[in-house]
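Worksheet for the structure shown next.
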Amino acid sequence: MATTATAHRTASRKEWLKARLELLQAEKALTRQSDEIARRRQELPWVKVDKDYRFETCQGEESLADLFRGRSQLLVYHFMFGPDYKAGCPSCSAIADGFNGFWEHLAHHDVMFWAVSRAPLEKLDAYKRRMEWSFPWASSFGSDFNFDFAVGITEKQQSETGYEYNYEVRPPRGPSGPDGTSPFAAATGTDSRTYAREQPGVSSFVLEDDEVYRSYSAYSRGLDGLWGMYQWFDRAPLGRNEEGAGLWWKRRDEYGAL
């Protein structure tokens, strides 16, 4: 997708520098605000996790406490890959492309990282090999983990009772739901209703005195900061430049040669 910026206003270097320094003050203020938000995240009270969630990993069935792997902190990315998906969500896949390098840094600084999805482990492992990822990925298939952390929706919730996402109650969509199949659903080999029964998010946990506590969860645009390519696009001359573009990105192995 080629674009140009020829209609954009131009300026002398002196004029550009004046505007840039004004923006720099706003950027510094945003950085300070971001630091304050991070501090407030860390001050949130912890909620004890009482349910014995079970996960399938390459080492067999494990508990949530097992996923800490000897660390005191755990970060979980709720990756949209439902049992009926043929492939992982394209958005989650683009986010996960950035996991390979940083998860090892986290693990060497007392923070274990996992992606967790409802699809059976063999599906996750096959997709992980396809995408050449190395980060740990566990299956929560058959457990309540995704539903309890508001990233899984039952058919009854979807059609009749409604569900919670991003700390809001969403109304049911009725028995038929939206017509057609969205490009995002098509990219996972499912229909729109099946696709929408999975939702993305991130949750953090702490292990203290052999007890697991939940400390934080974020959803929807609360994940923007985790999406590496968007951090770079936001610094490009035309930004994200995707108005009306729909699902313009692909999985890495679906692009042609550069």
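Just so you know, these numbers use all the heavy atoms, side chains as well, and skip hydrogens, waters and symmetry mates. The first residue in the sequence is number 1, and the count goes up from there.
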Side-chain contact, heavy-atom cut-off 4.5 Å: Thr154 with Thr161?
no
With Lys86 via side chain to side chain donor-acceptor pair (under 3.5 Å) - residues at least two apart:
none
Ring-ring centroid check Tyr219 Tyr167, cutoff 6.0 Å:
yes
Before you tell me yes or no, could you show the steps for Tyr85 and Arg118 under side-chain contact (heavy atoms from CB on, under 4.5 Å), namely the whole-Å CA-CA distance, both residues' side-chain angles and the distance that decides it to 0.1 Å?
CA-CA 10 Å; Tyr85 284 27; Arg118 284 205 309 132; over 6 Å; no
Do other residues, nucleotides or ligands put more than 12 heavy atoms under 6.0 Å from Arg13 CZ?
no
I'd like to know whether the aromatic ring centres of Tyr77 and Phe99 sit less than 6.0 Å apart in this structure.
yes
For the pair Asp110 (side chain) and Ser72 (backbone), establish whether a donor and an acceptor sit closer than 3.5 Å, ignoring hydrogens and angles.
yes
Return the minimal non-hydrogen interatomic distance between Pro183 and Leu247, and the atom names on each side.
O-CD2, 3.6 Å
Salt-bridge contact Lys28-Glu22 (side-chain N to carboxylate O under 4.0 Å):
no
Would you say the rings of Trp137 and Phe79 are close, in the sense that their centroids are separated by under 6.0 Å?
yes
On a heavy-atom basis, the closest approach of Leu124 and Ser117 is CD2-CB, 3.8 Å
Quick check on Glu132: does its CD atom have over 12 non-hydrogen neighbours (other residues, nucleotides or ligands) under 6.0 Å away?
no
Is any side-chain heavy atom of Val49 closer than 4.5 Å to a side-chain heavy atom of Phe205?
yes
Looking only at heavy atoms, which two atoms of Pro83 and Pro120 are closest? And how far apart?
CA-CD, 4.1 Å
Take atom CD in Glu155; do more than 12 heavy atoms of anything else shown fall under 6.0 Å from it?
no
Could you tell me whether the side chain of Arg251 reaches within less than 4.5 Å of the side chain of Pro90, counting heavy atoms only?
yes
Given side chains that start at C-beta, do those of Pro200 and Tyr165 come closer than 4.5 Å, heavy atoms only?
yes
pair Trp103-Met112: side-chain heavy atoms closer than 4.5 Å:
yes
Got a salt bridge between Glu164 and Arg170, using NZ or NE/NH1/NH2 to carboxylate O under 4.0 Å?
no
For residues Leu74 and Phe102: do they belong to one hydrophobic cluster (side chain heavy atoms under 4.5 Å, members Ile, Leu, Val, Met, Phe, Trp, Tyr)?
yes
Grouping I, L, V, M, F, W and Y whenever their side-chain heavy atoms are under 4.5 Å apart, do Ile153 and Phe147 come out in a common cluster?
no
Taking the cut-offs as 6.0 angstrom to the six-membered ring centre and 45 degrees off its axis, would you call Arg240 and Tyr230 a cation-pi pair?
yes
Using side-chain heavy atoms (C-beta onward) and a distance below 4.5 Å, is Asp97 in contact with Arg252?
yes
For the aromatic rings, using the six-membered ring if either is Trp, is the centroid distance between Phe113 and Trp133 under 6.0 Å?
no
With a 3.5 Å distance limit and no angle check, can you tell me whether Ser139 reaches the backbone of Ala119 through a side-chain donor-acceptor pair?
yes
Does the distance from a Lys or Arg side-chain N to an Asp or Glu carboxylate O, for Glu15 and Arg9, drop under 4.0 Å?
no
Would you find more than 12 non-hydrogen atoms of other residues, nucleotides or ligands less than 6.0 Å from Lys51 atom NZ?
yes
Between Asp191 and Arg193 (side chain of the first, backbone of the second, donor and acceptor by atom type, cut-off under 3.5 Å), is there such a pair?
yes
salt_bridge(Glu62, Arg54) N-O dist < 4.0 Å
no
Are any of the side-chain heavy atoms of Lys156 and Ser159 separated by less than 4.5 Å?
no
In this structure, are over 12 heavy atoms from other groups packed under 6.0 Å from Glu243 atom CD?
no
Evaluate side-chain contact (heavy atoms from CB on, under 4.5 Å) for Asn100 paired with Phe135, printing each intermediate quantity in order.
CA-CA 6 Å; Asn100 261 15; Phe135 58 83; 3.5 Å; yes
What closest approach, in Å, do Asp253 and Arg130 show between heavy atoms, and which atom pair accounts for it?
OD2-NE, 2.8 Å
Do you know the tightest heavy-atom contact between Gly88 and Thr188?
O-CG2, 3.8 Å
Minimum heavy-atom distance between Thr57 and Leu121, given as atom pair plus value:
O-CD2, 3.3 Å
Same apolar cluster: Met80 and Leu223, side chain cutoff 4.5 Å
yes
Going hydrophobic residue to hydrophobic residue with side-chain gaps under 4.5 angstrom, can you get from Trp16 over to Leu24?
yes
Is the backbone of Pro171 close enough, under 3.5 Å, to the side chain of Tyr163 for a donor and an acceptor to pair up by distance?
no
Anything under 30° is parallel, anything over 60° is perpendicular, the rest tilted; go ahead and classify Trp227 against Trp249.
perpendicular
Phe145 with Val206, same ILVMFWY side-chain cluster at under 4.5 Å:
no
Which is it for Thr194 and Asp84 under the side chain to side chain donor-acceptor pair (under 3.5 Å) test, yes or no, and what are the steps along the way?
CA-CA 7 Å; Thr194 302; Asp84 297 318; 5.3 Å; no
How far apart are the C-alpha atoms of Phe233 and Trp248, what are their side-chain angles, what is the distance that settles it, and do they pass the ring pair (Phe, Tyr, Trp, His ring centres under 6.0 Å) test?
CA-CA 14 Å; Phe233 276 129; Trp248 62 264; 5.5 Å; yes
Gly82 backbone acceptor or donor facing Arg197 side chain under 3.5 Å:
no
Are Arg32 and Asp35 within salt-bridge range, i.e. N to O under 4.0 Å?
no
Could you work out, with salt bridge (Lys or Arg N to Asp or Glu O under 4.0 Å) as the rule, every residue matching Glu27, not counting sequence neighbours?
Arg20
Could Arg40 and Glu43 be called an ion pair, given the rule that one side-chain N must be under 4.0 Å from one carboxylate O?
no
